[in-house]
Amino acid sequence: MYLPPLFVLLLLSSFVTPTEETLQFELPSILTSFFGIGNNGSSLSRHKRAASASIKEYSVDIEVSFQDPILQSAIKTLIANLSFPINLTDSATSIQRINVTTVCNQVGDNLQCACEEGFIWAPSICNANTPCDVSTKDSCNCINVTVNNGLYCKAKDASNVKKSFSLQIEQEFIEDLKDSSTPAYKNLTNLVETQLFISYNTLPGFESAEVTGFRKGSVLADYTIVAEAVTDATMQEANDRFTANIKNNLTLVDPAIVAEHRENITLSNSSPSTDVFVGDRVTLSCDVIISSYTVVYWYLNEKDLANTSYRTTVSSGIVKSTLTIPNVASTDEGTYKCIVVLNTDSYLAEYNLTAQNIAMNTLNTNVPCDSTNVSIVGCCPSGQSDALQLTCQNISGNYNTLKSTYLDPGTLCRVLSISATLEHCVSELFSTYSCTCFSRNGASKSGTVTVNYGPPSLQISGNDNVSQGDPIELVCATGASIRWTFTRSDGSFSGSVQTGYYNNTKENSTLIIPGNVINLNWDGTFLCSSGQTKAQKKITVISLLPTDQISTEPITFFYTCGQARSFNCCVQNNEDHYTRAELITSSSTISMTKNGLCFSVTHSFSNSCTLDPFDAGCRIFNKLNATRTSRNMTGRGIPVEDNNCKDPTGLSGSKIQISCTTLHPTKTGTLTLMCTKKIWSEVESESTCVSLALSRLSVEIQELTSPGSEFKIPGILLNISIAAFNESATITNSSNDIKNIVDLLTKVGELAQTVEVQTMQDFLNTVDVVVDNSSINTWRTISNESDRLLSSVETFARKLNFTTRFDINNTNLRLVGIIADGRDKSFGELFRFTNNLTGNVFISDLSTIKLNTSIVSIGYSTLKDILPLNNSSDRDETLNGLVMAVIANRTENKPFKLSLDYKISNTTLTNASCVFWDIHTRKWNDFGCRRLSSTDTDVSCECDHLTSFSILMSPDSGPNLRDDQVLAYITYIGVGISILSLVICIGIEATVWKSVTKNKTSYMRHVCIVNIAVSLLIADIWFIVGAALADMITNAAANAVLTSIRNACVAVTFFTHLFYLSVFFWMLTMALILFYRLVYVFHDLSKTVMMSISFVLGYGCPLVISVITVAVTQPSEKYRSEYACWLISKDTLAFLAFIVPAFVILFVNIIILCVVLRKLCRPAIGDKQKKDEAETLKHIAKCIVILTPLLGLTWGLGIGTMFSKEKSIHGIFAAVNSLQGFFILLFGCLLDKKVREALFNKFSFSRFSSQQTKSTNISSSDSPFSKTVMSRGVLNLFAKKGEKKGSYNINSAQESSSSSDIPSNSYSLLQ
């Protein structure tokens, strides 16, 4: 097939160094040989320039023709890949560059020749030839050539310039002129461009003339001329030619041509940021350095913006036109032109506006609670801009996570990052954030994102296998709050693990189940979860019994030399969990043989053994190689003697211990045997044998600590009741079995959550066995266990779950349950047993019980003979009726009354007390219970709380209530007289204070008397208040009222204790002052020091003692008496806080009294030994009478009341002490001469006072008190010596002495 030839014209430039040879060669031949292809013609171009004096540069046009079109691209590729310069064979010539200028293709009869990039056709060639495609704008790039006559494209002149002009055509502008594809556009363009070429092609270096577009005004045809730079005159000549030529076809506006300038004009974005986003407010500013303008045009993508709001101003030689786009849209993108026209000059500037889109991207919605920063929202531009900003706020959820924004340098997105902690995951599962992405110029985009919080992937670490008794320790690595669940391997339970077993932190959750609760029921799968995230771990528990559950045989034994002894150790179950065992002795370790659940070995003692003690134990290994060692088996070597027991060997009179199972297959524990007369016999008192069946059930109960084990409780209780019934004959006679059953029932009661009626029936069936009449003697050896049994029944009954009345009737007890559902107004139940004992409980008003409360009443016929009593040394009390209990499952009830009626079992007993069993003190207590009536056969009681009740009665006549009332009357009357006397005493002291305190000694004496009176007055007032509160406690019915009264009673007790102690300490202060003045005659303390010491001693010491007492004893409720507002005297040290200081002070005061008496009996120095013994004894008696009430020695009678119940002693003590205030008034005030004189003077009895004073010096018989203790001024113990020698004159008061505090040889101590 014939292919038309293709022509490629090459422009080759080379340097040639002229030599003699090179000047003579033909360059075309060299080039032909270089390409290796034929040429159809070549011509050596002009000598273009001289590179230097010795180097010439030539440009050569080469025409290459070929028929295969593929070679065209091959040649272009070849030339593009050449490396220049290329040295030719003569090495003096090099090719500098090769350019493809023109490519011609044969199309029909013509050639179509096109210029390559950088080259153009000369205008003359364009005019002489037609274009290849008249529809193209660049019509002179490709031309049709009829004959290949060596036409080629020339290089574009780099020095050419482009001039822009506008032709103003007087013609209506139509929209088609905006579209280059319309006929109107093409026709007008061809018309104008034809005349452009004709008019401007004569310009030097003319390259092109073309229309660039049309715009309004009327019609403006914009065109450009590319040619060499010429003078304005030359360009004006060309413009005139164009105007003259075009007028033949078009009507023009004057001026017809406007010159376009691109200098002195700028068009820019005057907004704060050059980055433009969709939605921005953008202002384009067009500035021209001219002083005025004719018209301004704005265009967008050649579209006139005449209808758009823009504003033009002139200021300081600059024309400024601004175009504002309030809300940039995608349609506002493109090239903006600003044209400012001034006469024939047009100033043009362009600005390309590109608007970026704002994207709000959700990056993540799941945030792990491990404090990891997670990017959740991205604010991204569609272009390359970092000008966007992002703000977010939490709009839902209580937790505001830690958040921050940052710029992603890779994507230029502004990103919101948040982190969540473990506490966050606990508080909420999600949060919603509202975010806004915005630019500086007003563009924005908003959105919301909801973040879900959850832990990261969870992992559990820990051992897969544990031994029974070892803790399970698992760690769930997470930063979130999780919960643990457990599924037992047998599928019997699946549920939550107690929260107390694990602890959540920020880093992980640690599960630790202590070893003391780990048993085989913990074999299963543990799962930690947070939301939908979970992790699990299978735990296998291998049996490893505790030491006390490994049975050994023997326990203790004897051996002889040469004897072979078998040792056995056995486990109770799970044979396959144990692999081996060793017998460990002090000298060796011996492997044992496994035989089912037991391991055994025979050990032979040597014939020459030394009979040393022998200790051995079994070390048992499980699958995990964990070990447990049994208790020691202890042996003692003995010689072979005839009196030894055989099989097993034993020394006569000695004891050994063996397993109970050895002799009693149904028992387990330790059995003690004694060798007597060569025969082994059991020592029951030292044996711990218990029922084997019950022992195995005890192991099952210990395993109830695993989760979900509650469902096993009914079955265990059923088995306990069956075992108890089957072995009742031995259980009722075995204290060990009874204690074991009580332990089982107590543990079950603590572990059970709810109890069904049938389960309660099984529980009570077991109780019925252990409280049978046949067990009463056994209970007497373990009476303390009866309290635990009663508590376990009450605990179990409170957990009963029932909806209707039910009745459980056993031989020794009966239980009735009802629901306080509002239908019945009262509740009552009669209990009757075969021993002819009856009892009745009755609640008259069920409305005081909260609605739907379950009430359970229980009657016990034998507990009266089992429960311990509160017997004291002087009173023997006995339970003399049924023990009845009333229990409610709710405690928040209103005050109510519970009536109880008892039939007396022993009519010889009297003085019934209504009591309840106090589970805290484990004693019978009568608080809140009252006896309503009592006959020879029946007792009625009333109580205001629920628990177990009964009646206590004693064989004696009880306390004499009339005697107690007499003591009460004596006390109240005496205290009343005392309070009145103390008020009078304080009034007298206030009245005569200045008259009787003229010296230091008198001052201190009266200070003591006043403070004793004040303290005793306050103490007596608190005593009366306390007595009133005690009566209120006795009569109170409501628990709330009782609580308030008891709290008030604590305060009363404190103040009563405080001020009675103050009385004693002020008495001590007075005694010490007497002692100080009597013994230290020549030593003196200032009044200030004495006052300070007195008040610290009188009030400071009592306050410290009282505060310490209440702080130590009140928290344990051992501060005050149950029925009186006073310190409790039993089972506590509180009462000692009063007794000890009081008796110590009494002891000190007695000693001081003795010292005073001794001083009175001792003659003065130099006195004659003539003493009237009778007179001396008289003085001593007077001192005792005066000082005893003042120094509180009458309280010494209290010692007698502590050791004797004799009513006369109690009566004397009550009378003397309750009247102490009267004694203080009498001896401290009224019998004091100076006080009397001051009173007489105060109330103008001067005459009487004068006569009294004179009579003192004349004769004591003239005084009104001549026969009284005060006739000689007994209070003035250390006055000036009188007329009689050898004795102290206690008559003279030395009234003429000065009030000065200077010490002298005589003092008036009590004046």
Side-chain angles (χ1 to χ4, degrees), residues 460-474 486-492 512-526 537-555 557 564-604 614-635 658-659 661-662 668-670 692 695-703 705-706 709:
I460 300 180
S461 59
N463 294 329
D464 296 333
N465 302 294
V466 297
S467 294
Q468 178 182 352
D470 291 340
I472 293 178
E473 297 184 9
L474 300 177
F486 170 72
T487 301
R488 191 171 289 128
S489 295
D490 59 8
S492 60
I512 300 178
I513 303 175
N516 61 341
V517 301
I518 296 299
N519 51 56
L520 299 184
N521 287 325
W522 285 99
D523 187 286
T525 300
F526 288 86
K537 192 174 188 64
K538 175 69 172 65
I539 299 296
T540 301
V541 180
I542 306 300
S543 177
L544 188 62
L545 291 177
T547 296
D548 58 356
Q549 292 184 23
I550 301 175
S551 60
T552 59
E553 178 65 28
I555 300 173
F557 62 95
R565 181 81 196 195
S566 175
F567 295 90
N568 299 279
C569 295
C570 299
V571 295
Q572 297 181 3
N573 47 37
N574 299 296
E575 172 187 344
D576 58 324
H577 286 206
Y578 299 92
T579 57
R580 60 191 181 93
E582 299 171 341
L583 183 70
I584 305 171
T585 68
S586 58
S587 59
S588 62
T589 299
I590 307 170
S591 296
M592 304 181 75
T593 302
K594 183 178 181 181
N595 183 17
L597 292 173
C598 296
F599 296 88
S600 61
V601 67
T602 299
H603 175 70
S604 298
F614 180 85
D615 290 324
C618 294
R619 181 189 294 151
I620 299 178
F621 295 78
N622 67 2
K623 289 181 178 180
L624 300 180
N625 216 33
T627 63
R628 194 81 75 203
T629 302
S630 70
R631 58 188 175 183
N632 271 350
M633 295 173 281
T634 303
I658 63 173
S659 173
T661 312
T662 305
T668 186
T670 301
L692 179 60
S695 179
R696 289 175 176 171
L697 291 171
S698 177
V699 175
E700 290 187 31
I701 291 177
Q702 292 178 10
E703 296 179 352
T705 54
S706 58
S709 298

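This chain uses plain numbering: 1 for the first residue, then up along the sequence.
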Inset, instruction - Find the distance between CG (Asn622) and NE2 (His577) and round it off to the nearest 0.5 Å. - result: 9.0 Å
Inset, instruction - Supply the atom-to-atom distance Lys623 NZ to Arg580 CZ, rounded to the nearest 0.5 angstrom. - result: 15.0 Å
Legend entry - Validation row: Cys618, Met633 side chains within 4.5 angstrom (heavy atoms): yes
Legend entry - Ile542 and Gln468, any side-chain heavy atoms less than 4.5 Å apart: no
Inset, instruction - Considering non-hydrogen atoms only, spot the tightest contact between Ile590 and His603 and give its length. - result: CD1-ND1, 3.8 Å
Legend entry - Expected output: side-chain Lys594 to main-chain Glu575 donor-acceptor under 3.5 Å: yes
Inset, instruction - Please tell me if the side chains of Leu597 and Gln572 come closer than 4.5 Å, counting only heavy atoms from C-beta onward. - result: no
Legend entry - Pairwise distance CE(Met592) to CG(Asn568) - rounded to 0.5 angstrom: 6.5 Å
Inset, instruction - Give, for atom CZ of Phe621 and atom CG of Leu544, the distance between the pair rounded to the nearest 0.5 Å. - result: 10.5 Å
Inset, instruction - Check whether any side-chain heavy atom of Arg565 sits under 4.5 Å from a side-chain heavy atom of Thr602, and report yes or no. - result: no
Inset, instruction - First locate atom CD1 of Ile513, then atom CG of Asp470, and finally report the distance between them rounded to the nearest 0.5 Å. - result: 13.0 Å
Inset, instruction - Please determine, by modelled atom types, if Ser588 and Thr585 share a side-chain donor-acceptor pair under 3.5 angstrom. - result: yes
Legend entry - Asn595 atom CG, neighbour heavy-atom count above 12 within 6.0 Å: no
Inset, instruction - Verify the ring-centre separation between Phe557 and Phe567: is it less than 6.0 angstrom? - result: yes
Inset, instruction - Spell out, as yes or no, whether a donor-acceptor pair under 3.5 Å connects the side chain of Trp522 to the backbone of Val517. - result: yes
Legend entry - Gap between atom OG of Ser566 and atom CD of Glu553 - 0.5 Å precision: 8.5 Å
Inset, instruction - Decide, based on the SG atoms alone, whether Cys598 and Cys570 are under 2.5 Å apart. - result: yes
Inset, instruction - Verify whether one side chain among Asp490 and Ser492 offers a donor that lies under 3.5 Å from an acceptor in the other. - result: yes
Legend entry - Partner of Ile539 under side-chain contact (heavy atoms from CB on, under 4.5 Å), chosen from Leu474, Asn465, Asp523, Thr525: Leu474
